[in-house]
Amino acid sequence: MSEGGDLVARSVEARRQAAAPAATSMRDGFGRSIDYLRISVTDKCNLRCVYCMPLAGLEWLRRDELLSYEEIAQVVTVMAGMGLRRIRLTGGEPLVRRDLPALVRLLAAVPGIEDIALSTNAVLLEDMADELRAAGVGRLNISLDSLQPARVDALARRPGSYDRIMHGIAAAERAGFEPIKINCVVMRGRNDDELADFAERTRERPWHIRFIEVMPVAGSLEISAREFVSALEMLERLRGIGELEPVAGPPGNGPATYFRLPGAAGTVGVITPMSHNYCDRCNRMRLTADGRLRPCLFGDLHTPLRDPLRAGEPLEPLIRRTLEIKPERHWLVQGAASGSGGLVALSQVGG
Ligand code: SAM
Ligand code: SF4
């Protein structure tokens, strides 16, 4: 095993040892315990990140196609009765959906739900951080692909993004969100020269920066084929600035492996969907904005819940069936559309 591979293996072990014993939960056909649901509340977004959403946007869902907040809470209530414990709200950009704190309040009141997290680009966070925290959001993941203002605006293809994101992060810190995880999709020639700059930030700030390998969907094929940087390469390059100690990382439900620079307040981590498939540890399902329950981020398997829900049919058998068809792993191939299940962008399913 390469030194980088060994680092990843040691960090996975550190996480395993720190993990709490599994609560009662749903099991899939491979015996994996599923207690985590990522809920996409909208397919729309106020940014156009180069690896995610086409500049012209996508064909948006109609309003009546979206699950209402009450319908989302109904799905969560049924799943919580089956063992669901943790939720992440995502999108698209979840903060563009009107009055998101109202949904958080509904979900926080569902018996059994212990943890509500939010993934956001932070553009609208400044004015909402306090209310989201009061409503019951416990943890935040914020996407930030560069520390350079002009670059952030260029990668997001929306001028002014950098300033608004930074104000959003500051507001989140003031509101008491901890930990704050920063997601950075690494692309060769666009931002891979900033790995060390990001890591240096963690010496002073308690940020947990997670470098993500770009994943191939139809809208990111070129970037996936030409600009892919593996996590092993990222770690090799990070070792140039100091010794990396494998650590358990901040609380959460995700697949990142974490490291700390000596004496640093925060951590750096890598998320390796391509180079180190972590599907054997998968603990989640996904609910799309139009109410399809997906057992895997990729592939085209899903169970429509919206129409049965509106028809008053029981959801539990449909949820059980979706657990049964959860695939053993994803079949993504770097630079190829096969395996993504016809997705144009992760925003369509809640990345
Ligand atoms: N809008 C929110 C945000 O950006 O955090 C939530 C939705 S976004 C689809 C969720 C995460 O998916 C972000 O961290 C984003 O960087 C990541 N993402 C989107 N497309 C990706 C791709 N092709 N490869 C890797 N990560 C991707
Ligand atoms: Fe929007 Fe998030 Fe996709 Fe960027 S990654 S375009 S912020 S949904």
Side-chain angles (χ1 to χ4, degrees), residues 38-58 60 88-97 100 117-125 128 137 139-146 152-158 161-162 164-165 168-169 172 180-188 190-191 208-231 234 252 254-256 269-275 284 286-289 294 297-298 330 332-337 339-341 343-351:
R38 295 174 71 107
I39 302 173
S40 173
V41 299
T42 178
D43 55 333
K44 290 186 180 154
C45 189
N46 45 2
L47 299 185
R48 294 289 182 272
C49 300
V50 289
Y51 50 79
C52 183
M53 199 173 279
L55 194 51
L58 293 160
W60 310 124
R88 173 170 298 278
L89 301 176
T90 177
E93 172 47 41
L95 300 190
V96 304
R97 184 148 175 193
L100 190 71
L118 173 71
S119 287
T120 174
N121 61 30
V123 167
L124 298 174
L125 190 57
M128 296 178 72
V137 174
R139 297 177 301 108
L140 281 182
N141 284 14
I142 294 174
S143 294
L144 180 67
D145 297 319
S146 168
V152 170
D153 292 3
L155 290 170
R157 296 188 287 193
R158 286 283 188 270
S161 300
Y162 176 86
R164 300 183 70 179
I165 294 168
I169 295 176
I180 290 188
K181 297 182 189 170
I182 306 276
N183 286 346
C184 171
V185 177
V186 179
M187 294 160 280
R188 196 177 303 285
R190 294 191 202 248
N191 63 355
H208 301 280
I209 296 176
R210 297 118 52 83
F211 299 116
I212 304 177
E213 292 177 340
V214 70
M215 291 177 263
V217 287
S220 64
L221 284 187
E222 282 228 1
I223 289 180
S224 163
R226 298 199 186 149
E227 300 172 22
F228 179 80
V229 182
S230 75
M234 298 176 204
V270 286
I271 300 185
T272 59
M274 304 307 294
S275 64
R284 63 194 61 186
R286 293 181 149 80
L287 184 65
T288 64
R294 290 177 69 100
L297 175 55
F298 299 107
H330 74 67
L332 289 179
V333 179
Q334 190 187 320
S340 74
L343 286 183
V344 176
L346 289 196
S347 62
Q348 294 172 301
V349 289

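Residue indices begin at 1 and follow the sequence shown. Whatever order the structure lists ligands and atoms in, that order sets their numbers, starting from 1.
Between the side chain of D153 and the backbone N or O of Y162 there is at least one donor-acceptor pair closer than 3.5 Å. A side-chain donor-acceptor contact under 3.5 Å links E213 to the backbone of A231. Within the 3.5 Å criterion, the main-chain N or O of D145 finds a donor-acceptor partner in the side chain of N191. Side-chain N or O atoms of R286 include none that pairs as donor or acceptor with a backbone N or O of R294 at under 3.5 Å.
For atom 25 (C) of ligand 1, the nearest non-hydrogen atom from the set R38, M215, K181, R88 belongs to M215. Selection from L140, L346, T90 by nearest heavy atom to atom 12 (O) of ligand 1 gives L346. Of the candidates C52, C49, G57, C45, C49 brings a heavy atom nearest to atom 4 (Fe) of ligand 2.
Taking every heavy atom of S220 and a limit of under 4.0 angstrom, the matching atoms of ligand 1 come to 23 (N). Near N183, meaning under 4.0 Å from any of its heavy atoms, are these atoms of ligand 1: 14 (O). Near G92, the atoms of ligand 2 lying under 4.0 angstrom from a non-hydrogen atom of the residue are 8 (S). Remark: ligand 1 atoms within the under-4.0 Å shell around heavy atoms of V214 are 24 (N), 25 (C). Atoms of ligand 1 found under 4.0 Å from any heavy atom of E93, numbered from 1 in the order shown, are 1 (N), 2 (C). Interface of E213 with ligand 1, defined as ligand atoms under 4.0 Å from a residue heavy atom, comprises 25 (C).
Of all heavy-atom pairs spanning L346 and M215, the tightest one is CD1-CE, 3.8 Å. Nearest heavy-atom pair across R48 and R157 is O-NE, 2.7 Å. Residues Y51 and V214 come closest through the heavy atom pair CB-CG2, 4.2 Å. L47 approaches S161 most closely through the heavy-atom pair CD2-OG, 3.4 Å.
A donor-acceptor pair shorter than 3.5 Å cannot be found between the side chains of N46 and E93.
Residue contacts with ligand 1: G92 is included, with a non-hydrogen atom under 4.0 Å away. The shortest separation from a heavy atom of C45 to ligand 1 is not under 4.0 Å, leaving the residue out of contact.
The one candidate from V41, L125, T42 that meets the side-chain contact (heavy atoms from CB on, under 4.5 Å) condition with L95 is L125.
The shortest N or O to N or O distance between Y51 and ligand 1 is under 3.5 Å. Annotation: V185 places no N or O atom under 3.5 Å from an N or O atom of ligand 1; distance criterion only. Inclusion of D145 in the set of residues having an N or O under 3.5 Å from an N or O of ligand 1 is not warranted. Residue S143 has at least one nitrogen or oxygen atom sitting less than 3.5 Å from a nitrogen or oxygen atom of ligand 1, judged on distance alone.
In this structure, CG on L89 lies 10.5 Å from CZ on R38, to the nearest 0.5 angstrom.
The protein heavy atom nearest to atom 7 (S) of ligand 2 is N121 ND2, 3.3 Å.
Using a 4.0 Å cut-off between heavy atoms, I223 makes no contact with ligand 1 at all.
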